[in-house]
Amino acid sequence: MLQVNFLRQNRDLAKQKLAVKHFPNVDLVDEVIAIDDERKQLQAAFDETQTKVNAASKEIGGFMAKGEKDHAEALKTNVAAWKKLLEPLKEQMAEVEANLLKTIVQFPNLPHDMVPLGKTPEENEVVKEAGTTQQLPAGALPHWDLIKKYNLVDFETGAKITGSGFPLYIGKGAKFQRVLTQYFLDFNTAAGYTEYLPPFMVNAASAFATGQLPDKEGQMYHATEDDFYLIPTAEVPVTNVFRDVVLKDTDLPIQMTAYSPCFRREAGSFGKDVRGLNRVHQFEKVEIIQIVHPDKSDEVLNEMVAHVENLLISLGLQYRILRLCGGDMGFASAITYDFEVYSAAQERWLEVSSVSNFQAYQTYRMKCRFKDAEGKIQFAHSLNGSSLALPRIYAAIVENYQTENGIALPKVLQPYFGASELV
RNA sequence: AGAGAGGUGUCCGAGUGGUUUAAGGAGCACGCUUGGAAAGCGUGUAUACGGCAACGUAUCGGGGGUUCGAAUCCCUUCCUCUCUGCCA
């Protein structure tokens, strides 16, 4: 959520930045400031009258104590008149404040200066490409054929149990999931992240704080009986650890990592590129999240990108790093780097991680602040990234490590798996 | 799930309608004192919004209500604890 005061002080800059994100209605900036002006006027008027009411009430208390009932009664008449004025003011204020919130949540975060101007995924900037394309054996298969051939994942039975997009992992296929999760968590904690295992359902307040509500309600599974939402990512419960918290500057940076299943309805997503594990309703992911001093978030973003890069290198995969253009970035992000791994069998790049700096966009919304060295309260910056999302990395490893009669394993995973090959 | 007891500041804790402007204590910060420290004494110590400021307004788990006036009374909701039930 953007701050009105920032918009007020940087009106033109904000409009310019919103245009980079291809926000269709930049004049909403003026609208929001006008609404805020109205709110200020109302509050001033309200406070003025409420002050009189409070003072008079205190006086009445004094009169009552002294037994001067006549004076008290006279004052009560005044108060009654003021209160009549307050009622419509109160209503207007509630209305204006609701309108302000409703309007301001429509703004996406402003993009960082480094964000490229483009609109479509093709205009993302490739900042790095590394690794070599695997030489696959003749007759190499895409992962959806491989997992069937070796009975690692059964989509049909998953569909019977629940519905399409809920894979059932079997035997070594299930163990491989567990091994990947464990390896990722170990890799993250070795770099200083603290491991969390959060609830997999959240309440509406948490979903609002990270921006899933009110807009993306349809993307989450909703347990209506208790009004809980199944998490679309561990980012939601873990970031909410620090909702409504005032930290000390010495608490920063906070580095968290968490494994969780992720539930996404993917409503409205259909068509190509959704075969096999490329897009599912339930998948597993290990997330890294940091809450940092505002001066440090640029630097920390680079560290997180390097961290994920090292993880991919350790898996021996060909990868590239993209800096997303304004039109392809997420709503809450100021700058995002996507990691893609090359699938030689599908002959395409698969997104396996997305690392973003949200600056104060989330922390303002969820009131996560810290007291700086001077004792001033400031909003912290939040960042997160996948490290890593399982099904696609699963698919990439299975495809890229396939041999003529089996599937090999990256070296780092072999001790975890207790074998030198998957099958 | 049922019955009961609770939720007050950084923490403990008093407060059942009106100088509460949330007592008191602890902690923390600064000052005095000291050779230095402890003790002692003094001062300060929540957040948000409005205002150039003085200051004002709101907040005692959340929301709503009664009243001239609510931490206090009423309704509702969430959470914690105890007992009972059920359960891996």
Side-chain angles (χ1 to χ4, degrees), chain A residues 1-9 32-105 197-209 213-214 222-229 237 240-252 360 362-380:
Chain A
M1 194 157 82
L2 296 180
Q3 301 173 47
V4 190
N5 281 342
F6 178 86
L7 294 177
R8 194 183 280 283
Q9 285 154 23
V32 133
I33 292 169
I35 295 169
D36 193 49
D37 286 337
E38 195 186 350
R39 180 189 64 82
K40 285 185 184 192
Q41 273 181 17
L42 285 168
Q43 172 154 6
F46 180 86
D47 283 1
E48 194 189 339
T49 308
Q50 185 66 48
T51 304
K52 290 193 222 167
V53 171
N54 287 349
S57 296
K58 201 167 280 178
E59 260 188 273
I60 291 170
F63 288 137
M64 296 298 266
K66 283 186 265 175
E68 298 175 26
K69 284 209 167 145
D70 296 351
H71 286 112
E73 287 305 321
L75 262 183
K76 278 192 194 181
T77 327
N78 285 351
V79 173
W82 289 327
K83 287 192 76 171
K84 255 202 188 117
L85 294 175
L86 282 177
E87 252 168 60
L89 277 177
K90 233 179 179 170
E91 262 171 53
Q92 280 176 59
M93 267 170 83
E95 212 173 287
V96 167
E97 271 165 26
N99 189 21
L100 182 65
L101 180 66
K102 200 184 87 194
T103 310
I104 202 154
V105 295
L197 182 62
F200 299 152
M201 292 201 264
V202 295
N203 56 31
S206 292
F208 177 83
L213 293 180
H222 187 191
T224 52
E225 182 79 16
D226 296 289
D227 199 21
F228 294 149
Y229 294 87
N240 269 283
V241 169
F242 294 98
R243 169 155 56 91
D244 293 319
V245 168
V246 181
L247 294 154
K248 288 185 261 186
D249 60 344
T250 50
D251 294 335
L252 304 176
Q362 285 185 329
T363 52
Y364 176 64
R365 190 171 173 130
M366 74 170 92
K367 297 187 177 60
C368 169
R369 294 156 293 173
F370 73 99
K371 212 169 246 186
D372 66 21
E374 285 85 54
K376 239 182 72 193
I377 299 229
Q378 293 191 46
F379 288 98

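Here, B/U8 and B/A23 have their P atoms 16 Å apart, quoted to the whole Å. Comparing B/G17 with B/G25, their P atoms sit 25 Å apart, to the nearest whole Å. Nucleotides B/U21 and B/U34, compared at atom P, are 41 Å apart to the nearest Å.
In this structure, A/Arg8 pairs ionically with A/Asp36, as a charged nitrogen and a carboxylate oxygen lie closer than 4.0 Å. Using a cut-off of 4.0 Å between Lys/Arg side-chain N and Asp/Glu carboxylate O, A/Asp37 and A/Lys40 are scored as not salt-bridged.
Distance, A/Gln378 CD to B/A48 C1': 17 Å, rounded to whole Å. Between A/Lys371 atom NZ and B/U10 atom C1' there is a gap of 9 Å when expressed in whole angstrom units. One atom, CG of A/Leu86, and another, P of B/C68, lie 14 Å apart when rounded to the nearest Å. We find that CZ of A/Phe63 is positioned 14 Å from C1' of B/G69, with the value rounded to whole Å. The CD-P distance, from A/Glu97 to B/G50, rounds to 10 Å in whole Å. Between the CD atom of A/Glu59 and the P atom of B/U67 there is a distance of 22 Å, rounded to whole Å.
In this model, the phosphate group of B/G51 is approached by a side-chain N or O of A/Lys40 to a distance below 4.0 Å at OP1 or OP2. Residue A/Arg39 has a polar side-chain atom (N or O) positioned under 4.0 Å from OP1 or OP2 of B/G50.
Residue-environment remark: NZ (A/Lys52) exceeds the threshold of 12 foreign heavy atoms within 6.0 Å.
B/G24: Watson-Crick or G-U partner is B/C12, with both key distances under 3.5 Å. Under the Watson-Crick or G-U wobble criterion, with both distances below 3.5 Å, B/U43 is paired with B/A29.
Among the protein residues, A/Lys52 comes within range of no part of the nucleic acid, since none of its heavy atoms lies under 4.0 Å from any strand. Residue A/Gln50 is in sugar-phosphate contact alone, with no base atom involved, counting any heavy-atom pair closer than 4.0 Å across all strands shown. Within the nucleic acid shown, A/Asn54 comes within 4.0 Å of sugar-phosphate atoms alone, with no base atom in reach, counting heavy atoms only.
Taking the six-membered ring where tryptophan is involved, the planes of A/His222 and A/Tyr229 are essentially parallel, since the angle between them stays under 30° and well short of 60°.
Looking at which nucleotide of RNA chain B each of A/Lys90 and A/Ala56 is closest to, the 5′-most match is held by A/Lys90. Along RNA chain B, the nucleotide nearest to A/Asp47 and the one nearest to A/Lys76 differ in position, and the one closer to the 5' end is contacted by A/Asp47.
Using a 3.5 Å distance cut-off with no hydrogens or angles, the side chains of A/Gln50 and A/Asn54 do pair a donor with an acceptor.
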